[in-house]
Amino acid sequence: MKLPSKVKLVDVGPRDGLQNEKGAVPAAVKIELVHRLQDAGLTEIEVTSFVSPKWVPQMADAAEVMAGIQRKPGVRYSVLTPNMKGFEAAVLSKPDEIVVFAAASEAFSQRNINCSIAESIERFRPVVEAARASNIHVRGAISCAVGCPYEGEVAPERVELVARLLKGIGVQHMGVADTIGVGTPVKVQRAMEAALQHYALDHVSGHFHDTYGQALANTLVCLEMGVWQFDTSSAGLGGCPYAKGATGNVATEDVVYLLHGMGIETGIDLDKLIDAGKFISDFLERKPNSRAATALLNKRAD
Ligand code: HMG
Ligand code: MG
């Protein structure tokens, strides 16, 4: 076991979480959530995505949200960009990092971004080039790294292939995503090992949706491999509009509770984080989807 002593969490709630909400969430609420997350100590926040508003109307206010954030020094603000059109719009709002998102399954690639895996790489190529020329960090994501809603189980060789292709076009970091939360620790470990064939330990992260309640176990197995970066979502918000039935990412609160309990630093103030999750959950008129937040909120109420 080579547990890291520090972990960086990327809160993807404002993007991965809110992209899946049926009701409209005003830009001001999204901005307030970002402010609360940075106040809680998050040093990277995935704010929004510059995708087609016909495909994901929830993210149509991407530029407005980016413009409204009062940036805190030391915080990295990232946005999703599926193509040059998205990148050209995104760059005006000065993101610190962009995310290109591929899939390990052909069917998911078609449903999510309307092209094959090979075509997606060709679309990303000029995006990555332009971003790197502007000194914008480029993160990649591989969706369906263990399972696909359309194709079922996904072999680690698929992840290895897509990681190789993304590395080949200059993507600097690789997120291994269990889009529909079907993964269990050994499968997730194999998917992560596949990504590690092309990316160093310092350049991989885990992105686990918690549909089957496995995300904390999947996080732990990656920690034991030395992985120290994870995407999580405050209040467990979210899901993907092109992965029906999939629930949100593992709650940031639950992962922080796990890490602090193991003596691993995050720089995050759990109380403030719980307040941030409560803020957005109150707006959405539901309870935070986090066991740790629920327990600690109950304790506060006593
Ligand atoms: P398309 O329809 O094939 O695109 O969509 P197109 O190039 O043929 O253009 C069609 C229209 O869209 C045109 O407008 C373009 O201008 C416009 P029209 O002439 O008809 O008025 N358009 C755009 N508008 C704004 N921003 C853009 C853009 N691009 C084209 N960037 C496209 C292809 C990729 C655009 C579309 O499929 C799309 O937007 N997909 C995004 C889907 C998405 O956001 N999914 C969720 C995020 S991924 C995720 O959640 C997974 C992740 O969390 C990891 C995990 O858990 O797996 C990251
Ligand atoms: Mg996701």
Side-chain angles (χ1 to χ4, degrees), residues 10-21 46-63 66 78-93 95 97-105 107-117 119-124 126-127 130 138-150 154 158-159 162 166 171 173-183 188 191 195 205-211 215 218 230-233 236-252:
V10 179
D11 200 294
V12 298
R15 195 283 301 170
D16 204 337
L18 298 181
Q19 76 179 6
N20 209 39
E21 285 303 322
E46 198 171 275
V47 177
T48 184
S49 46
F50 287 84
V51 296
S52 162
K54 286 182 195 143
W55 284 65
V56 186
Q58 291 90 335
M59 297 284 112
D61 57 3
M66 283 298 278
S78 52
V79 302
L80 267 56
T81 54
N83 53 18
M84 272 315 280
K85 185 170 172 105
F87 177 77
E88 279 159 8
V91 80
L92 301 174
S93 62
E97 180 182 69
I98 57 142
V99 185
V100 292
F101 45 108
S105 103
F108 191 78
S109 183
Q110 289 291 351
R111 302 282 178 113
N112 195 40
I113 50 175
N114 206 24
C115 64
S116 68
I117 296 169
E119 283 163 343
S120 76
I121 300 296
E122 290 318 309
R123 275 187 199 172
F124 300 151
V127 174
V138 181
R139 179 152 57 91
I142 303 182
S143 289
C144 300
V146 283
C148 167
Y150 312 107
V154 171
R158 305 290 307 167
V159 177
V162 179
L166 289 168
V171 173
H173 176 106
M174 189 47 51
V176 173
D178 182 7
T179 313
I180 53 172
V182 289
V188 165
S205 54
H207 174 113
F208 305 130
H209 286 260
D210 201 24
T211 320
N218 294 336
F230 297 92
D231 296 348
T232 60
S233 179
L237 294 171
C240 176
Y242 299 99
K244 284 254 170 306
T247 63
N249 295 80
V250 64
T252 311

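Remember, it's 1-based here, ligands and their atoms both numbered in the order they're listed.
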Just going by heavy-atom distances, which of [options] is nearest to [atom]?
atom                    : options               : result
atom 56 (O) of ligand 1 : R123, R139, H207      : H207
atom 38 (C) of ligand 1 : F208, F101, W55, F108 : W55
atom 34 (C) of ligand 1 : I113, D16, N249       : I113

Minimum heavy-atom distance A90-T81, with the two atoms named
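Distance-wise, the nearest heavy atoms are CB-CG2, 3.6 Å.
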Tell me yes or no: between the side chains of R158 and S105, is some donor less than 3.5 Å from an acceptor?
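There is no such pair (donor and acceptor under 3.5 Å, judged by atom type) between the side chains of R158 and S105.
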So, T179 versus H209: side-chain donor-acceptor pair below 3.5 Å or not?
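Judged by distance alone, the side chains do not pair up.
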What are the atoms of ligand 1, with element, lying closer than 4.0 Å to any heavy atom of [X]?
X    : result
A177 : 54 (C), 55 (C), 56 (O), 57 (O)
H209 : 56 (O)
F50  : 26 (N), 27 (C), 31 (N)
N112 : 37 (O), 40 (N), 41 (C), 42 (C), 43 (C), 45 (N), 46 (C), 48 (S)
N83  : 27 (C), 28 (C), 29 (N), 30 (C), 31 (N), 35 (C)
K54  : 14 (O), 18 (P), 20 (O), 21 (O)

I want to check something: taking the side chain as every heavy atom from C-beta on, are [X] and [Y] in contact at a cut-off of under 4.5 Å?
X    : Y    : result
M59  : P53  : no
I142 : V176 : no
T232 : V10  : no

For ligand 1, is there an atom lying under 4.0 Å from some heavy atom of A246?
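No, A246 has no heavy atoms under 4.0 Å from ligand 1.
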Measure the distances from the heavy atoms of R15 to every atom of ligand 1 and state whether one is below 4.0 angstrom.
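True for this residue.
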Do [X] and ligand 1 have an N or O pair less than 3.5 Å apart?
X    : answer
S49  : no
K85  : yes
A141 : no
V51  : yes

From [X] atom [atom1] to [Y] atom [atom2], the distance as rounded to the nearest 0.5 Å:
X    : Y    : atom1 : atom2 : value
I180 : Y150 : CD1   : OH    : 9.0 Å
N218 : D178 : CG    : CG    : 6.5 Å
F101 : H207 : CZ    : NE2   : 11.0 Å

Which is it for V56 and ligand 1 at heavy atoms under 4.0 Å: side chain, backbone, both or neither?
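Within the 4.0 Å criterion, V56 contacts ligand 1 through side-chain atoms alone.
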Quick check: does D16 have an N/O/S atom under 2.8 Å of the Mg ion (ligand 2)?
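So D16 does bind the Mg ion (ligand 2) by this criterion.
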H207 atom NE2 and H209 atom NE2 as seen from the Mg ion (ligand 2), angle to 10 degrees
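The two atoms form an angle at the metal of about 90°.
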Stepwise salt bridge (charged side-chain N to carboxylate O under 4.0 Å, His left out) check, D231 with R139
CA-CA 12 Å; D231 296 348; R139 179 152 57 91; 3.7 Å; yes
Verdict with supporting geometry, T252 and D11, side chain to side chain donor-acceptor pair (under 3.5 Å):
CA-CA 7 Å; T252 311; D11 200 294; 2.7 Å; yes
